[in-house]
Amino acid sequence: MAKPAGATCNLQCSYCYYLEKGTPYMDDTVLEAYIRNYIREQPSQQVDFVWQGGEATLRGIPFYKKALQLQKQYGNGKVITNSFQTNGTLLTDDWCRFFRENNFLVGISIDGPAEVHDPYRVNKGGKPTFKQVMRGLQLLLKYRVEFNTLTVVHDLNVQKPLEVYRFLKREGSEYMQFIPLVGKKEAVHPLEFGRFMTSIFDEWVKRDVGRYFVPVFDAALANEVGVPAGSCVFNDYCGQSIVIEHNGDVYACDHFVGPQYKIGNVLTGSLQEMMRSEKQQTFGVNKFRQLAAACGSCDVYKYCRGECPKNRQPDGLNYLCEGYRLFFRHIRPYLQFMANELAQRRSPANVMRYASTNFPPLN
């Protein structure tokens, strides 16, 4: 993940965890070093670039055109993909044409309908942003840009799981990330988060398998069948998702950007060597080493894997434990059914028929 505009953002979301504001933008020297080194040192034939912030659109289209030129220059026959996270408020026809023409996958941050989005996602003047985000989303649809949604689950929208889920479906999102807010005054209560995800799963498993995708459901199924979850928070170890700051500094993770987690700089070091360094390897295995003793006997550790270390409490337990226990215990029978379907080389979407006989009818 790279931050071309640093932590700079045009919004002032009340729960944002980036404490510093107004950092400088990434310059062309850092950009070239990052792209050259990342492509050269990536062992696979596909190289995925992720542009985030702050607000990544603040860096301007010319910067990303330069990035594409450099990707082509240093590509060496590899397949290059680009993903872009935005709050959506600054999207224009020009931006969306650019995304479409260059096959960018765009993530747009939206917390649900206006009544649960607007209280916390405000601009620098404290004004609501829902209308601006929706205008940006409509432009993505107009230009047929592939997009997904990122929803922060907080103390307001957690009360309306189906309203949020159905709203996102109605507005064209087929891939929905739900990120629990922890450590802020607007934080979600663990059990309420568990109920939120359970309610969405109950509708999804009866109607939407294979049509709409929720990463936590996919990760849970992966852990049920014994393959990597595809999400660092639901794997035993982490440390594979480093972040490149605006000045080229490289840190262990986007949630651990501090002096003790700095592992190098793209202007002076090898990304591959940084990833293999003892410091980064220790960071990755500490996710497992620093688990609470209770995790060893927990019946849902198979699925949660201790979740993200940023949400750990002093005793080593995750703040969200209660919620994850409720959620994973509830969905386990359906995961087991889907795993069996996969083992028999049948579609896991068959779970919808199974679920219809194990749930009361939908309203």
Side-chain angles (χ1 to χ4, degrees), residues 13 15 85 87-88 105-121 129-131 133-134 136-138 140-141 146-182 186-221 230-231 233-234 303-304 307 320 323-324 326-335 338 348-349 351-356 358-363:
C13 300
Y15 55 63
Q85 186 66 35
N87 60 45
L105 170 64
V106 175
I108 190 164
S109 299
I110 185 166
D111 287 354
E115 64 268 21
V116 294
H117 175 97
D118 276 342
Y120 297 150
R121 295 193 65 82
T129 61
F130 179 78
K131 289 183 179 179
V133 177
M134 289 302 296
L137 193 153
Q138 292 304 314
L140 293 173
L141 289 168
E146 185 179 358
F147 74 94
N148 58 46
T149 51
L150 187 154
T151 298
V152 175
V153 184
H154 46 68
D155 61 347
L156 297 182
N157 59 5
V158 75
Q159 307 297 331
K160 299 184 176 184
L162 294 184
E163 290 92 328
V164 171
Y165 180 57
R166 292 169 183 170
F167 165 79
L168 295 173
K169 289 197 296 182
R170 190 167 59 247
E171 297 303 329
S173 177
E174 297 179 352
Y175 185 96
M176 309 169 197
Q177 300 181 67
F178 295 105
I179 309 298
L181 179 64
V182 176
E186 306 88 353
V188 65
H189 186 278
L191 277 176
E192 289 183 344
F193 177 67
R195 295 186 188 108
F196 176 92
M197 294 308 305
T198 296
S199 294
I200 292 174
F201 180 87
D202 284 355
E203 177 148 315
W204 175 83
V205 81
K206 287 177 282 190
R207 290 180 167 177
D208 296 335
V209 180
R211 295 178 56 212
Y212 297 95
F213 299 89
V214 179
V216 65
F217 302 164
D218 293 340
L221 180 58
S231 171
V233 300
F234 297 117
Y303 306 111
C304 87
E307 212 246 4
L320 297 162
Y324 279 126
L326 181 151
F327 170 62
F328 287 123
R329 286 170 181 167
H330 178 81
I331 73 172
R332 181 161 46 200
Y334 307 98
L335 298 176
M338 287 189 281
V351 73
M352 291 187 285
R353 290 198 300 271
Y354 172 75
S356 68
N358 287 274
F359 282 99
L362 284 169
N363 293 328

(message) Run Val158 and Leu181 through side chain to side chain contact (heavy atoms under 4.5 Å, CB included) and show every step you take.
(response) CA-CA 10 Å; Val158 75; Leu181 179 64; over 6 Å; no
If you round to the nearest 0.5 Å, how far is [atom2] of [Y] from [atom1] of [X]?
{"X": "Cys13", "Y": "Asn87", "atom1": "SG", "atom2": "CG", "value": "7.0 Å"}
{"X": "Tyr334", "Y": "Trp204", "atom1": "OH", "atom2": "CH2", "value": "12.5 Å"}
{"X": "Ile110", "Y": "Leu150", "atom1": "CD1", "atom2": "CG", "value": "11.0 Å"}
{"X": "Ser173", "Y": "Phe213", "atom1": "OG", "atom2": "CZ", "value": "11.5 Å"}
{"X": "Leu168", "Y": "Tyr175", "atom1": "CG", "atom2": "OH", "value": "14.0 Å"}
{"X": "Leu221", "Y": "Tyr303", "atom1": "CG", "atom2": "OH", "value": "9.5 Å"}

(message) If the condition is salt bridge (Lys or Arg N to Asp or Glu O under 4.0 Å), which residues does Arg170 pass it with, not counting sequence neighbours?
(response) none
(request) Quick one: list whatever passes salt bridge (Lys or Arg N to Asp or Glu O under 4.0 Å) with Asp118, sequence neighbours left out. (result)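 Per chain and number, Asp118 pairs via salt bridge (Lys or Arg N to Asp or Glu O under 4.0 Å) with no residue.
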(message) For Val205 and Phe217: C-alpha separation, side-chain torsions, deciding distance, then whether side chain to side chain contact (heavy atoms under 4.5 Å, CB included) applies.
(response) CA-CA 10 Å; Val205 81; Phe217 302 164; over 6 Å; no
Check: [Y] main-chain N/O paired with [X] side-chain donor or acceptor under 3.5 Å:
{"X": "Asp111", "Y": "Val116", "value": "no"}
{"X": "Asn157", "Y": "His117", "value": "no"}
{"X": "Thr129", "Y": "Arg121", "value": "yes"}

(message) Tell me whether the rings of His330 and Phe201 are parallel (<30°), tilted (30 to 60°) or perpendicular (>60°).
(response)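 Plane angle over 60°, so perpendicular.
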Residue list, side chain to side chain contact (heavy atoms under 4.5 Å, CB included) with [X], at least two apart or on another chain:
{"X": "Leu191", "answer": "His189, Arg195, Glu322, Leu326"}
{"X": "Glu115", "answer": "Pro113, Lys160"}
{"X": "Met352", "answer": "Val209, Ala349"}

(request) Would you check if Ile200 and Phe178 make a side-chain contact, meaning some heavy-atom pair closer than 4.5 Å? (result)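 In short, these two side chains touch, coming nearer than 4.5 Å.
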(request) Check whether any side-chain heavy atom of Met134 lies under 4.5 Å from a side-chain heavy atom of Glu171, and answer yes or no. (result)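 Yes, their side chains come closer than 4.5 Å.
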Over all heavy atoms of both residues, which pair between [X] and [Y] is shortest? Give the atoms and the distance, please.
{"X": "Phe328", "Y": "Ala220", "answer": "CE2-CB, 3.9 Å"}
{"X": "Phe147", "Y": "Gly172", "answer": "CZ-O, 3.5 Å"}
{"X": "Pro215", "Y": "Gln177", "answer": "CG-CG, 3.8 Å"}
{"X": "Pro161", "Y": "Ser199", "answer": "CG-CB, 3.7 Å"}

Which residues pass the side-chain hydrogen bond (donor to acceptor under 3.5 Å, both in side chains) test with [X], not counting sequence neighbours?
{"X": "Glu307", "value": "Asn311, Asn318, Tyr324"}
{"X": "Ser109", "value": "Gln85"}
{"X": "Thr151", "value": "none"}
{"X": "Glu146", "value": "none"}

Output all residues satisfying ring pair (Phe, Tyr, Trp, His ring centres under 6.0 Å) with [X], sequence neighbours left out; order by chain, then residue number.
{"X": "Tyr120", "answer": "His154"}
{"X": "Tyr165", "answer": "none"}
{"X": "Tyr212", "answer": "none"}

(request) Might you work through the side chain to side chain contact (heavy atoms under 4.5 Å, CB included) test for Val214 and Met197, ending with a clear yes or no? (result) CA-CA 10 Å; Val214 179; Met197 294 308 305; 4.1 Å; yes
(request) May I have the step-by-step check of side chain to side chain contact (heavy atoms under 4.5 Å, CB included) for Thr149 and Phe167, ending in yes or no? (result) CA-CA 11 Å; Thr149 51; Phe167 165 79; over 6 Å; no
